[in-house]
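Read through the structure below, which is laid out as structure tokens, and then see the notes.
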Amino acid sequence: MGGGGSGRLGAVRLLLWALAAVLTIRQAAAVLSVPPGEWLSGFHLPGSLPGSLYDAAQFTGTPFAGLVLKPLVGLAAPSLEVAWTCVTLLFVAGIGLVAARALPDPVPRRTAWLAAPVLVALMMVSLPVREAASPGQTAVLPVLLVLLAFFRVPGERPAGFLVGLAAALQPALLLFAPLLWLSGRRPTAKAAAVTFAGATALSWASLPRDSWTYWVEHLAGTGLGGAPDSLANQSVHGALLRFGLGGPLEIALYLTLAAAILWFGLRRAAGYARDGQLLLAVAVTGCVAVAVSPTGWRHQLLWVLLAVAGKVGRRAADRPVWPVAVVLAMTLPSDVLLPNLAALAPVRDNVLLLAALAAACAVPFLPRSSPYWHEPVPTRYGHPAPARWARVPLLPFWRRVLSRPNLLLELLLIRVGYSLYSHIRAAAPTSRSLAEGNGSQILGIERALGIDIEHAVNQAVVNTPWLEAFFNFYYTSFHFVVPLAILAVLYWRRPGDYRWARASLGLATVIALAGFWLYPLAPPRLMPGLGFVDTVHGVQDLANPSYGAMTAISNQYAAMPSLHFGWSLWCGIVIITLAPKGWQKLLGALHPTITVCAIVATANHWVLDAVGGAAVVGAGFGLVYVLSGPRGLRVALPGQRAGAEPAAQGEDAARVPEPARSR
């Protein structure tokens, strides 16, 4: 890499470290915003040294952890709060630095430079760190101790001492002793076991009553803190309790599953350690430890994020799937990842546990001996296409991909993208006076243009029951079904056109968000005194500012532009452009036509809302054109006549060599 490349890489690294610093300060501010009295009570420790740790059953740490933390209660609250927060976040940064330097050799230069700031930034926004930074939580320190023992501390006994100390704070981490044993570091494993036994004996001698409570009455802390069936307990035991199991049956099933996870997970971890992927082995063992522990709290699941060190997939296009899935699961709430459907509740409530189990037992990480470890099957790219209009310059920021994208990655990004869109849309301004004022403005413009047909159409439909039923059904049934069906067909049959269509729809939706924020608009059905009938949602009480149940579900003033019409117009354009038969093109043209009639007839949109929807869809297609060139690129492959349909439109296409990026 030349000097220019090194300079750019250094600038990117500096920016990433700046981002990590901003996220660290943000996390510290969130913790320090808690009043000192409430913050100190979060330790769940008695105010005096002789008091029992577990009288209130809120402290979840080991007696050894209580022995270490109890003297801190007597310190001044503000200084303790600041010191605890800063030290915890420094530990997180230390984990990122150690893990980044523990990646298996050879490490590409770009990865070596950027891994540490990227990992620190991701950890700062992860759910485990956001919870572990709260008072009394010691989940970050054991992770750092284990990483230091495996990667930074020379000598067998000092490394074993750190592992044993981590296990004294979190007993499930004693599973790292078998990993050390199986990977050939038996003196280190013995030192870890001896250290754990010594620390536990010290706590028994100092706090015999608390030790009896923790180890005997609560079986290594089971039942302490939150309820074992709460969502915070992301262990197999907690999941079984949430499924409604209990008693001897649940205990037997839990022990059986835990034994299977231990056997399979530790064997995998030992194999990765022998393969030279020690960081992955450590991450897998940590995931096993949290999953089989009776109480695996969310703040203890930082191990899952470290499992991104493993490589998955033979194709280069498949490599981002596992890291993206882990990052999304560890940083976003589960309701963002999955719809709020009862059938999906078992998955949605156990996302972090499933991620840990996947890393421990299911994900087929590549061994370093695999021919795809260094050289995955490359992605197929097409040649840049010339502009169709000389006055419209093209800015090819991304290369034209010809192969089908990874399905799981697509589903994840579509779901998360739509969920974020819904949250941003719901957070748009909802001022009633402003929205009604904009509604009056829109009505005035339509009257000046002679297109204020909403009231007449609405009343005509209300007086025709079969037509009202048809438009209500059409309005509520096809908004999501048709776009998703088109994307599914394109994904399977025409992957190149799928990317073009998906990108244009996404960009149009993002542009529409600006309209929702900048121009909150009351639809006709929410305009008082105009006589509109809401045929879909029923009569709205306009004297009530909440307008009934619908307003609690979504932002009713996010009406300009109309994505109901915009998405249907997108469907029509895609079908008319790509459908091979005339009757299919006709159906494509009918869909936006019927949709615009439905949104007006049901009093859900003004006519100008549809114009706005058409504008954002046009902007979406235009941006895709400017960024990646015209649709319908045809690349002549060897042995194929120019202009013919390339085999690269399918999955079994011949590989197209990557061209130069210049035009």
Side-chain angles (χ1 to χ4, degrees), residues 421 425-426 428-464 467-468 470-476 478-479 508-509 511-542 545 547-548 550-551 553-572 591-620:
Y421 155 78
R425 182 180 187 270
T430 57
S431 169
R432 175 178 179 179
S433 59
L434 179 59
E436 290 179 355
N438 290 337
S440 299
Q441 186 181 62
I442 290 291
L443 181 58
I445 296 173
E446 290 188 352
R447 284 173 176 169
L449 297 175
I451 58 173
D452 56 326
I453 61 173
E454 292 88 356
H455 188 268
V457 174
N458 177 244
Q459 293 301 310
V461 169
V462 169
N463 293 325
T464 311
L467 195 57
E468 178 183 353
F470 170 76
F471 280 130
N472 287 350
F473 172 77
Y474 207 91
Y475 180 86
T476 57
F478 293 100
H479 183 43
T509 304
I511 296 170
L513 289 173
F516 300 155
W517 275 82
L518 299 175
Y519 198 77
L521 175 65
R525 62 186 177 84
L526 295 183
M527 288 292 290
L530 297 183
F532 285 97
V533 177
D534 186 347
T535 63
V536 176
H537 309 115
V539 178
Q540 299 288 307
D541 180 12
L542 299 183
Y547 293 146
M550 282 305 300
T551 309
I553 298 176
S554 63
N555 183 356
Q556 301 299 291
Y557 296 142
M560 170 61 84
S562 170
L563 283 185
H564 229 98
F565 174 72
W567 287 5
S568 70
L569 179 63
W570 172 88
C571 295
H591 179 52
T593 303
I594 298 175
T595 299
V596 72
C597 295
I599 64 175
V600 173
T602 58
N604 275 280
H605 284 285
W606 305 96
V607 172
L608 288 181
D609 295 349
V611 176
V616 298
V617 168

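Counting from 1, the numbers follow the sequence of the chain as shown.
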### Task
Given side chain to side chain contact (heavy atoms under 4.5 Å, CB included), test F565 with V617 step by step and report yes or no.
CA-CA 10 Å; F565 174 72; V617 168; over 6 Å; no
### Task
For this output row, return yes or no: ring centroids of F516 and Y557 closer than 6.0 angstrom.
no
Considering non-hydrogen atoms only, spot the tightest contact between [X] and [Y] and give its length.
{"X": "D452", "Y": "R447", "value": "OD2-CG, 3.1 Å"}
{"X": "H455", "Y": "G531", "value": "NE2-O, 3.5 Å"}
{"X": "A508", "Y": "V616", "value": "CB-O, 3.4 Å"}
{"X": "S562", "Y": "A610", "value": "CB-N, 4.1 Å"}
{"X": "S568", "Y": "P592", "value": "OG-CA, 3.5 Å"}

### Summary
The single option from N472, V457, T476 that satisfies side-chain contact (heavy atoms from CB on, under 4.5 Å) with T602 is N472
### Contact check, side chains of H591 and W567, non-hydrogen atoms, under 4.5 Å
no
### Task
Check whether any side-chain heavy atom of P523 sits under 4.5 Å from a side-chain heavy atom of L526, and report yes or no.
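Result yes, sub-4.5 Å side-chain heavy-atom pair found.
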Quick one: pull up [atom1] in [X] and [atom2] in [Y] and give me the separation to the nearest 0.5 Å.
{"X": "N604", "Y": "R525", "atom1": "CG", "atom2": "CZ", "result": "5.0 Å"}
{"X": "C597", "Y": "Y474", "atom1": "SG", "atom2": "OH", "result": "10.0 Å"}
{"X": "I442", "Y": "M560", "atom1": "CD1", "atom2": "CE", "result": "4.0 Å"}
{"X": "L434", "Y": "L521", "atom1": "CG", "atom2": "CG", "result": "9.5 Å"}
{"X": "L569", "Y": "L563", "atom1": "CG", "atom2": "CG", "result": "11.0 Å"}
{"X": "Q459", "Y": "F532", "atom1": "CD", "atom2": "CZ", "result": "8.5 Å"}

### Residues that H564 engages under ring pair (Phe, Tyr, Trp, His ring centres under 6.0 Å), provided they are two or more places apart
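Result, ring pair (Phe, Tyr, Trp, His ring centres under 6.0 Å) vs H564: Y475, H479.
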Please answer whether the main-chain N or O of [Y] pairs with a side-chain N or O of [X] as donor and acceptor at a distance below 3.5 Å.
{"X": "D609", "Y": "P561", "value": "no"}
{"X": "N438", "Y": "P520", "value": "yes"}
{"X": "W606", "Y": "A522", "value": "yes"}
{"X": "E454", "Y": "V607", "value": "yes"}

### Check against side chain to side chain contact (heavy atoms under 4.5 Å, CB included), F471 and V461
CA-CA 9 Å; F471 280 130; V461 169; 4.1 Å; yes
